[in-house]
2 protein chains.
Amino acid sequence: MTAEYEVFKEYLRQKGLKMTSPRENVLRAFLGHEGHLSTDDILVASRKLDPAIGQATVFRTMKLLEEAGLARDASQDNGPRKYEHAYKHSHHDHLLCIRCGRVVEFYDPQIEKAQKQIFAKYGFTETGHWMELHGLCPDCARQK
Amino acid sequence: MTAEYEVFKEYLRQKGLKMTSPRENVLRAFLGHEGHLSTDDILVASRKLDPAIGQATVFRTMKLLEEAGLARDASQDNGPRKYEHAYKHSHHDHLLCIRCGRVVEFYDPQIEKAQKQIFAKYGFTETGHWMELHGLCPDCARQK
DNA sequence: GTAGGTGCAAAAGCTTTGCATTTCC
DNA sequence: GGAAATGCAAAGCTTTTGCACCTAC
């Protein structure tokens with residue numbers, strides 16, 4: 001079984017919750033795909049493992065996975081919520097092409113450092129951050 | 001009349017659209033309040049100027065104001081959409097307390113510069129960016 | 001006069017919730 | 001055995017859309 005499964009199980013145990021078959025299938029479906037997955041993508045993938053899974057279970061389970069540190073909210077704009085893997089995936093930010101939707105993930109130590117300084121400056125305790133850069137990718141800029 | 005009114009009118013003219021009384025009232029209602037306004041906040045404020053205004057008009061007008069560069073989407077998480085002033089309000093980012101909801105606006109030239117370097121590194125043409133830092137403000141951290 | 005705008009109400013999406021039934025510990 | 005979880009369907013919210021009537025240019 002995967003390390004993620006163990007992490008999830010332990011998280012549930014600590015909370016007095018149960019590891020169930022639907023939860024396991026949603027986790028496996030989520031882990032089986034990289035990138036930004038909508039809740040519907042996850043529902044479809046989960047049903048390949050168990051056709052009886054309901055969408056409410058996907059919503060409820062993804063919320064738990066987020067709390068357990070296995071998933072991270074990757075929603076953009078006001079469309080459907082999206083999740084990405086969070087376990088042992090180093091933190092990164094996103095560069096998004098507004099025309100073709102292409103997403104580049106990057107990590108910039110300089111920016112991370114500057115963000116920490118902002119937290120310190122205003123006396124805030126950091127819990128997380130979200131940065132998204134929007135632009136045209138080289139291909140789309142060329143077509144213009 | 002305000003400079004924003006002129007900007008909006010000019011934007012509409014260029015697009016072959018009309019300046020109307022409801023649009024003017026939504027603009028005035030929006031300009032009359034600082035901070036992050038939900039579409040419902042704007043509806044309520046607009047109705048103080050003209051009780052007959054419908055919410056569809058607020059949605060439609062705010063979309064126009066955004067395109068005209070007068071409003072900027074300031075939505076957080078997946079809740080209702082929020083807008084903030086954009087005209088001659090220099091760009092800034094947000095530091096948000098996850099407990100009390102307090103919002104601090106800041107501007108960090110170092111981060112802005114680093115972001116431009118990211119765009120250049122991946123060959124993207126910049127169109128905008130969104131950064132939000134989440135944490136506990138000093139008051140909430142003390143209460144723990 | 002006419003293209004465009006408005007308010008209303010209905011529809012459309014996404015997410016949450018109530019509940020009878022089932023499942024895990 | 002009993003608390004917790006599930007699937008379904010209904011409800012909730014926010015946002016969009018269709019349409020008959022109105023208005024700015």
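Computed over heavy atoms, backbone and side chain alike; hydrogens, waters and symmetry mates excluded. Numbers restart at 1 for each chain; the letters A, B, ... are given by sequence-line order, proteins then strands. Everything quoted here is computed from the prediction, not taken from an experiment.
- For the pair R23(A) CZ and dA4(D) C1', the interatomic distance rounds to 8 Å; values are reported in whole Å.
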Could you write out each protein N or O paired with an N or O of nucleotides 12-16 of chain D at a distance under 3.5 Å?
from, atom 1, to, atom 2, distance (Å)
dT15(D), OP1, R81(B), N, 2.8
dT15(D), OP2, T39(B), OG1, 2.9
dT16(D), OP1, K63(B), NZ, 2.8
dT16(D), OP2, K63(B), NZ, 3.3

Letter by letter from the 5' end, nucleotides 19-25 of chain C scores (B base, S sugar-phosphate only, - none; protein heavy atoms under 4.0 Å) -----BS
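- Taking the six-membered ring where tryptophan is involved, the planes of Y11(B) and F8(B) are essentially parallel, since the angle between them stays under 30° and well short of 60°.
- In the model, S75(B) has a side-chain atom that pairs as donor or acceptor with a side-chain atom of D73(B) under 3.5 Å.
- Using a 4.5 Å heavy-atom cutoff, the side chains of H85(A) and E4(A) are not in contact.
- Contact check for F119(B) versus T125(B): no side-chain heavy atoms found under the 4.5 Å cut-off.
- Ring planes of W130(A) and H94(A): tilted class, angle from 30 to 60°.
- For the pair D41(A) CG and dT15(C) P, the interatomic distance rounds to 11 Å; values are reported in whole Å.
- Nucleotide dG4(C) holds its C1' atom 18 Å from the CD atom of E24(B), rounded to whole Å.
- Within the 4.5 Å cutoff, the side chain of L133(B) has no heavy atoms near those of the E126(A) side chain.
- The side chain of R13(B) contributes no N or O atom lying less than 4.0 Å from OP1 or OP2 of dC25(D).
- Side chains of L27(A) and T61(A) form no contact here, defined as non-hydrogen atoms less than 4.5 Å apart.
- Taking the charged nitrogens against the carboxylate oxygens, K9(B) and E6(B) have no contact shorter than 4.0 Å, which rules out a salt bridge.
- Taking atom CG of L12(B) as the reference point, atom C1' of dT6(C) lies 15 Å away to the nearest angstrom.
- The separation between K15(B) atom NZ and dC25(D) atom C1' is 19 Å, rounded to whole Å.
- Here dT23(D) presents its C1' atom at 15 Å from CG of N25(B), a figure rounded to the nearest Å.
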